[in-house]
Amino acid sequence: MAAPDLAHLDRLSSMLDSRFRLPGTKMRFGWDTIVGLVPGVGDAVMLVPAGYLMFQAYRLGARKRTLARMALNTGVDTTVGAIPLLGDLFDMAFKSNNRNVAILRKEIERRGAAPAPTRR
């Protein structure tokens, strides 16, 4: 049951954090960076899919410590991402959603469940 759910979350995090490539570079970015360009509301709006990832982690039985690490990543991303220009560059580098899915993947592996292969 966890493998299809994790594959779905992996696709979502990739779309949010690394869907597009900056031409001529290896830098990747996603909808989190694009929506975050909207001053004042962009980073707040991106809390919705980040919250969905954390809710799904909870539903899959992630430990409190795992959920806390995921919340910390999201909090750092939202806080620093709110800084004009610097926050947008930070969003491209930090990729909190990809980090959170990686944390969840390790949690599921720790429990012995078979995770879906990474698709990046």
Side-chain angles (χ1 to χ4, degrees):
M1 176 172 154
D5 294 327
L6 194 54
H8 167 71
L9 297 178
D10 193 43
R11 284 190 303 275
L12 175 61
S13 74
S14 293
M15 183 176 65
L16 292 170
D17 286 345
S18 55
R19 170 68 176 94
F20 309 105
R21 187 176 54 83
L22 196 60
T25 71
K26 292 185 178 183
M27 293 185 69
R28 299 195 70 82
F29 63 97
W31 288 106
D32 186 22
T33 302
I34 294 168
V35 174
L37 291 170
V38 178
V41 295
D43 290 300
V45 167
M46 295 315 296
L47 282 172
V48 173
Y52 173 77
L53 287 171
M54 287 189 285
F55 173 74
Q56 291 302 316
Y58 168 79
R59 193 179 63 77
L60 290 170
R63 296 177 295 173
K64 288 180 185 177
R65 111 190 253 178
T66 299
L67 295 170
R69 288 180 61 201
M70 293 173 73
L72 180 63
N73 282 340
T74 301
V76 167
D77 182 46
T78 302
T79 302
V80 178
I83 302 169
L85 190 57
L86 175 65
D88 300 317
L89 295 173
F90 179 79
D91 273 344
M92 284 181 72
F94 190 65
K95 302 184 186 321
S96 65
N97 298 298
N98 286 346
R99 287 174 184 254
N100 285 345
V101 170
I103 290 169
L104 179 57
R105 182 177 302 284
K106 284 183 183 177
E107 171 76 6
I108 290 172
E109 287 173 355
R110 182 195 66 79
R111 289 192 327 226
T118 302
R119 297 181 50 163
R120 283 184 214 168

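- Distance check, rounded to the nearest 0.5 Å: OG1 of Thr33 to CG of Leu89 gives 9.5 Å.
- In this structure, Arg65 contributes its side chain and Arg69 its backbone to no donor-acceptor pair below 3.5 Å.
- At a threshold of 4.5 Å between non-hydrogen side-chain atoms, the residues Ile34 and Phe29 count as touching.
- By the rule that hydrophobic residues join a cluster once side-chain heavy atoms approach within less than 4.5 Å of another member, Met92 and Met46 end up as members of one cluster.
- Between atom CZ of residue Arg105 and atom CG of residue Asp10 there is a gap of 5.0 Å, rounded to the nearest 0.5 Å.
- If you take CG on Leu67 and CG on Leu53, they are separated by 11.5 Å, rounding to the nearest 0.5 Å.
- Residue-environment remark: CZ (Arg19) stays at or below the threshold of 12 foreign heavy atoms within 6.0 Å.
- No continuous path of hydrophobic side-chain contacts links Met54 to Leu9 [ILVMFWY only; heavy atoms under 4.5 Å].
- Rounding to the nearest 0.5 Å gives a distance of 11.0 Å between NZ of Lys95 and CG of Leu16.
- The shortest side-chain heavy-atom distance between Val76 and Phe94 falls under the 4.5 Å cut-off.
- The pair Arg59-Asp5 meets the salt-bridge criterion, with a side-chain N (NZ, NE, NH1 or NH2) lying under 4.0 Å from an Asp/Glu carboxylate O.
- A 4.5 Å side-chain heavy-atom check between Ile103 and Asn73 finds at least one atom pair inside the cut-off.
- In this structure, CG on Asp77 lies 8.5 Å from CG on Leu47, to the nearest 0.5 angstrom.
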- Might you work through the side chain to side chain contact (heavy atoms under 4.5 Å, CB included) test for Ile83 and Phe90, ending with a clear yes or no? CA-CA 9 Å; Ile83 302 169; Phe90 179 79; over 6 Å; no
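- By the 4.5 Å heavy-atom criterion applied to side chains, Met15 and Asn97 are not counted as neighbours.
- In this structure, a donor-acceptor pair under 3.5 Å is absent between the side chains of Ser13 and Asn100.
- Distance check: Leu37 CG to Asp43 CG gives 9.0 Å after rounding to the nearest 0.5 Å.
- Ring orientation note: the planes of Phe20 and Trp31 are nearly perpendicular, at an angle over 60° on the 30°/60° scale.
- A search for salt bridge (charged side-chain N to carboxylate O under 4.0 Å, His left out) contacts involving Arg63 returns Glu107, not counting sequence neighbours.
- Residue Leu104 comes nearest to Ala57 through the heavy atom pair CD1-CB, 3.8 Å, listed as atom of the first residue, atom of the second, then distance.
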